[in-house]
Asker: 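I have a structure here, written as structure tokens, and I will follow up with some questions on it.
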Amino acid sequence: MSSVVILGCGFGGLEVASELRKLSDEVEITMVDRRTRFEYQAAHPEILSGAVTPDEISADLRSFAGQINAEFMNTEVTGVDFAARAVKTKSGSIAYDYLVVAVGGEQAFFGIPGAESYSYCVNTQEGAIMTKHALDEAHGNVVVIGAGLTGVEVAGEVAAARSHLQVYLVEMMQRVLPAFPAANIASIVTRRLMDRGVRVLTGSRVKEVREDELILDEGYRLPYDILIWTAGLGPARVLEQLKAPKAKGWLKVDPYLRIDGMRNVFAVGDNAYFELNGIRSGQNVEEAERQGRTAAANIIRAMKGAKLRIYRPKNTVQNPRAIISLGGGTAVMYYRGLTVSFCAYKLKKYIERRYMKRFGVV
């Protein structure tokens, strides 16, 4: 019986585990994560407004592993010996026949002085809870750095639920949602945020973060009570320990989602750099899940000596799609260049509830 070890139990890792078990009872699955609970990260901004509680968007990983007859190990990965086919952890070594790396990314601070020291973040549930507690005590300016998907959602949720606070959204590019190719979504989201009282500062680069103020380009100073950092994602630090091909710090994978040059090691989700015919996978939940299903199918095919399937991305860097919550039970959906508001928030919550049902969370 072949063994598959999955590093990371986010959306991509869980999809690999679930699909493997659907496809075969004759495989040993070991799931490894330093956390004990799955976190529905896409809903973290709503923790800040109280629209969701942490228990509603998290679930016990050990219980989930039991449901699919897998083993769960709560430990921290320190490296991988690819030649020996062994994962190194703080709890010991784990042998594997096939390995899937799905450790995701971490908040990036880009070396800006003071940014990591003085910022709150929402990329983890613990961070979102800490940020909410800080907001509960705040009475002045709340500054959100980075106007990508997470940044605009955080700004919208805070402004909608806490009208006594002045929210600033700071973005170094010339418009919000700079990763989206169409400007219409940026204009709509900016207008919605401004209607809630958010002050949007685009074309503003953060040079330094001090304990109670930001230093922006040309020496402009912006005082704050709470600073929430959402400006970009960087590779998880454990990736630095892996001697494997990388692109911009991410694990470079082939058309079958195997790490380049490795026949039995796959990577999915945010930590994978996948590009096919000039089209690159986006770092989002949809791609993590789709990659997880394809990787699982290819592992089973590899076990049987069958031809592997080429992965074809859908939610790409060149053509992204998303549902963006803006606080107060509102959202906009961007799909194929169109922006739709009607029922967008209901659809977002339906997707969330449907996903959490697999853990018994309703």
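The first residue of the sequence shown is numbered 1, and numbering continues consecutively from there.
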Asker: Minimum heavy-atom separation for Ala331 to Ile323, with atom names?
Answerer: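 For Ala331 and Ile323, the tightest heavy-atom pair comes out as CB-CG2, 4.2 Å.
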
Asker: May I ask you to decide if the ring planes of Phe266 and Tyr98 are parallel, tilted or perpendicular, using 30° and 60° as cut-offs?
Answerer: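 Tilted: the ring planes of Phe266 and Tyr98 meet at 30° to 60°.
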
Asker: Is it the case that one hydrophobic cluster holds both Ile324 and Ile57, taking links as side-chain heavy atoms less than 4.5 Å apart, direct or via other members?
Answerer: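 Different hydrophobic clusters.
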
Asker: Give the C-alpha distance, both sets of side-chain angles, the deciding distance and a yes or no for side-chain contact (heavy atoms from CB on, under 4.5 Å) between Val4 and Met303.
Answerer: CA-CA 11 Å; Val4 179; Met303 291 177 182; 3.7 Å; yes

Asker: Does the side-chain contact (heavy atoms from CB on, under 4.5 Å) test come out yes or no for Val122 and Ile47, once each step is laid out?
Answerer: CA-CA 9 Å; Val122 300; Ile47 290 177; over 6 Å; no

Asker: Under a plain distance cut-off of 3.5 Å, with no hydrogens placed, do Ser58 and Arg35 share a side-chain donor-acceptor pair?
Answerer: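 The answer is no; no qualifying pair exists.
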
Asker: As a test of understanding, state which of Asp81, Val32, Leu7, Thr30 forms a side chain to side chain contact (heavy atoms under 4.5 Å, CB included) with Val87.
Answerer: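 Going through the options one by one, the only one that passes is Leu7.
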
Asker: Check whether Tyr355 forms a cation-pi arrangement with Arg358 (NZ or CZ under 6.0 Å from the six-membered ring centre, at most 45° off the ring normal).
Answerer: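 Yes, a cation-pi geometry holds between Arg358 and Tyr355.
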
Asker: Tell me if the centroids of the rings in Tyr118 and Tyr224 come within less than 6.0 Å of each other.
Answerer: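 Judged by ring-centre distance (under 6.0 Å), Tyr118 and Tyr224 do not meet the cut-off.
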
Asker: State, to 0.1 Å, how close Ala159 and Val198 come at their nearest heavy-atom pair, and which atoms those are.
Answerer: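 Minimum heavy-atom separation between Ala159 and Val198: CB-CG2, 3.6 Å.
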
Asker: Among residues at least two apart in sequence or on other chains, which ones pass side chain to side chain donor-acceptor pair (under 3.5 Å) with Arg85?
Answerer: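 With sequence neighbours excluded, Arg85 shows a side chain to side chain donor-acceptor pair (under 3.5 Å) to no residue whatsoever.
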
Asker: What heavy-atom pair brings Phe274 and Pro313 nearest, and what distance separates the two atoms?
Answerer: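 So the two residues come closest at CE2-CD, 3.6 Å.
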
Asker: Would you give the length of the straight line joining atom CD1 of Ile299 to atom CG of Leu308, rounded to the nearest 0.5 angstrom?
Answerer: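 One finds 10.0 Å between CD1 of Ile299 and CG of Leu308.
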
Asker: In the single-linkage hydrophobic clustering (I, L, V, M, F, W, Y; side-chain heavy atoms under 4.5 Å), do Ile228 and Val206 co-cluster?
Answerer: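 In one cluster with Ile228: Val206, no.
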
Asker: Considering residues at least two apart in sequence or located in another chain, which fulfil the salt bridge (charged side-chain N to carboxylate O under 4.0 Å, His left out) criterion with Arg293?
Answerer: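 Applying salt bridge (charged side-chain N to carboxylate O under 4.0 Å, His left out) to Arg293 gives Glu15.
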
Asker: Got Val340 and Tyr335 here, is their nearest side-chain heavy-atom distance under 4.5 Å?
Answerer: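 No. Closest side-chain heavy atoms not under 4.5 Å.
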
Asker: Would you say that Val52 contacts Lys349 through its side chain, given a criterion of any heavy-atom pair below 4.5 Å between the two side chains?
Answerer: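 Yes. Closest side-chain heavy atoms under 4.5 Å.
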
Asker: Under the side-chain contact (heavy atoms from CB on, under 4.5 Å) test, which residues partner Thr36, sequence neighbours left out?
Answerer: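 Partners of Thr36 under the side-chain contact (heavy atoms from CB on, under 4.5 Å) test: Asn74.
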
Asker: Does the side chain of Tyr311 come within less than 4.5 Å of Arg290's, by heavy atoms?
Answerer: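 Arg290 reaches Tyr311 side chain to side chain.
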
Asker: What pair of heavy atoms forms the shortest contact from Phe109 to Ser119, and how long is it?
Answerer: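 Taking Phe109 first and Ser119 second, the nearest heavy atoms are CE2-CB, 4.2 Å.
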
Asker: If you round to the nearest 0.5 Å, how far is CD1 of Ile112 from OG of Ser117?
Answerer: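 The distance works out to 12.5 Å.
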
Asker: Applying side-chain contact (heavy atoms from CB on, under 4.5 Å), can you list everything that pairs with Arg162, at least two apart in sequence or on another chain?
Answerer: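 Applying side-chain contact (heavy atoms from CB on, under 4.5 Å) to Arg162 gives Lys132, Leu135, Asp136, Val158, His164, Leu165.
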
Asker: Could you give the side-chain donor-acceptor pairs of residues 170-185 under 3.5 Å, partners two or more places apart or in another chain?
Answerer:
residue : atom : partner : partner atom : Å
Glu171  : OE1  : Ala147  : N            : 2.8
Glu171  : OE2  : Met173  : N            : 2.9
Arg175  : NH1  : Leu177  : O            : 3.0
Arg175  : NH1  : Phe180  : O            : 3.4
Arg175  : NH2  : Phe180  : O            : 2.4

Asker: According to salt bridge (charged side-chain N to carboxylate O under 4.0 Å, His left out), who are the partners of Glu153, at least two apart in sequence or on a separate chain?
Answerer: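 Result, salt bridge (charged side-chain N to carboxylate O under 4.0 Å, His left out) vs Glu153: Lys348.
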
Asker: Linking I/L/V/M/F/W/Y whenever their side-chain heavy atoms sit closer than 4.5 Å, directly or via other members, would Leu227 and Val142 fall into one cluster?
Answerer: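 Leu227 and Val142: separate clusters.
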
Asker: Nearest 0.5 angstrom please: Ile29 CD1 to Ile6 CD1, how far?
Answerer: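 It is 6.0 Å, given to the nearest 0.5 Å.
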
Asker: Looking at every heavy atom in both Leu14 and Leu61, which two are closest together, and how far apart are they?
Answerer: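 Reported closest heavy-atom pair: CD2-CD2, 4.0 Å.
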
Asker: Which of these passes side chain to side chain donor-acceptor pair (under 3.5 Å) with Asn315: Glu287, Glu286, Glu289?
Answerer: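 Only one option passes, and that is Glu286.
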
Asker: Under the side-chain contact (heavy atoms from CB on, under 4.5 Å) test, which residues partner Gln41, sequence neighbours left out?
Answerer: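 Scan of Gln41 (side-chain contact (heavy atoms from CB on, under 4.5 Å), adjacent residues dropped) gives His44, Asn123.
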
Asker: Is it the case that one hydrophobic cluster holds both Met262 and Val238, taking links as side-chain heavy atoms less than 4.5 Å apart, direct or via other members?
Answerer: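 Cluster IDs for Met262 and Val238 match.
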
Asker: Using a 6.0 Å cut-off, check whether atom NZ of Lys252 has over 12 heavy atoms from anything other than its own residue.
Answerer: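 For Lys252, atom NZ is not crowded (no more than 12 foreign heavy atoms under 6.0 Å).
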
Asker: Can you sort out the partners of Glu76 under salt bridge (charged side-chain N to carboxylate O under 4.0 Å, His left out), two or more places apart, ordered by chain and number?
Answerer: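 Salt bridge (charged side-chain N to carboxylate O under 4.0 Å, His left out) check on Glu76 returns Lys90.
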
Asker: Would you list the atom pairs, donor with acceptor, under 3.5 Å between side chains in residues 214-222 and any protein atom, with sequence neighbours excluded?
Answerer:
residue : atom : partner : partner atom : Å
Asp217  : OD2  : Arg205  : N            : 3.4
Arg221  : NH1  : Glu213  : OE2          : 2.7

Asker: Salt-bridge test for Arg62 and Asp60: reply yes if a basic N is under 4.0 Å from a carboxylate O, no otherwise.
Answerer: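 Salt bridge absent between Arg62 and Asp60.
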
Asker: Are Val265 and Tyr96 close enough that some pair of their side-chain heavy atoms sits under 4.5 Å apart?
Answerer: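 Yes - at least one pair of side-chain heavy atoms lies under 4.5 Å apart.
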
Asker: When you look at Val103 and Val77, which way does the side-chain contact (heavy atoms from CB on, under 4.5 Å) test go after all the steps?
Answerer: CA-CA 10 Å; Val103 296; Val77 175; 5.8 Å; no

Asker: What pair of heavy atoms forms the shortest contact from Glu46 to Ser325, and how long is it?
Answerer: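 Heavy atoms of Glu46 and Ser325 come nearest at CG-OG, 4.5 Å.
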
Asker: When the side chains of residues 124-131 are checked against the rest of the protein, which donor-acceptor pairs come out under 3.5 Å, sequence neighbours left out?
Answerer:
residue : atom : partner : partner atom : Å
Thr124  : OG1  : Gly127  : N            : 3.0
Thr131  : OG1  : Cys121  : O            : 3.3
Thr131  : OG1  : Gly127  : O            : 2.7

Asker: Are there over 12 heavy-atom neighbours, none belonging to Phe64, within less than 6.0 Å of that residue's CZ?
Answerer: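 Count over threshold, so yes.
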
Asker: For Glu211, look at atom CD and say whether over 12 heavy atoms of other residues, nucleotides or ligands are found less than 6.0 Å away.
Answerer: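 Counting neighbours around CD of Glu211, 12 or fewer heavy atoms of other residues, nucleotides or ligands fall under 6.0 Å, so no.
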
Asker: For a quick test of your reading: what N or O donor-acceptor pairs under 3.5 Å do the side chains of residues 188-195 make, sequence neighbours left out?
Answerer:
residue : atom : partner : partner atom : Å
Thr190  : OG1  : Ala186  : O            : 2.7
Arg192  : NH2  : Ser341  : OG           : 2.6

Asker: For Gln166 and Arg199, run side-chain contact (heavy atoms from CB on, under 4.5 Å): C-alpha distance rounded to whole Å, both residues' side-chain angles, the deciding distance at 0.1 Å, then the answer.
Answerer: CA-CA 8 Å; Gln166 176 58 62; Arg199 298 183 182 178; 3.3 Å; yes

Asker: Kindly write out the residues that satisfy side-chain contact (heavy atoms from CB on, under 4.5 Å) with Glu106, not counting sequence neighbours, or none if the list is empty.
Answerer: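 Applying side-chain contact (heavy atoms from CB on, under 4.5 Å) to Glu106 gives Arg34, Ala236, Arg237.
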
Asker: Can you establish whether the number of heavy atoms outside Phe110 located under 6.0 Å from its atom CZ is more than 12?
Answerer: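 Yes, enclosed.
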
Asker: Got a second to check how far Leu242's CG is from Lys88's NZ, nearest 0.5 Å?
Answerer: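 One gets 10.0 Å once the value is rounded to the nearest 0.5 Å.
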
Asker: Hey, what do you get for CG (Leu20) to OG (Ser2), rounding to the nearest 0.5 Å?
Answerer: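 The OG atom of Ser2 is 11.0 Å from CG of Leu20, to the nearest 0.5 Å.
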
Asker: Can any side-chain N or O of Asp225 pair as donor or acceptor with the backbone N or O of Asn141 at less than 3.5 Å?
Answerer: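 Confirmed, Asp225 side chain pairs with Asn141 backbone.
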
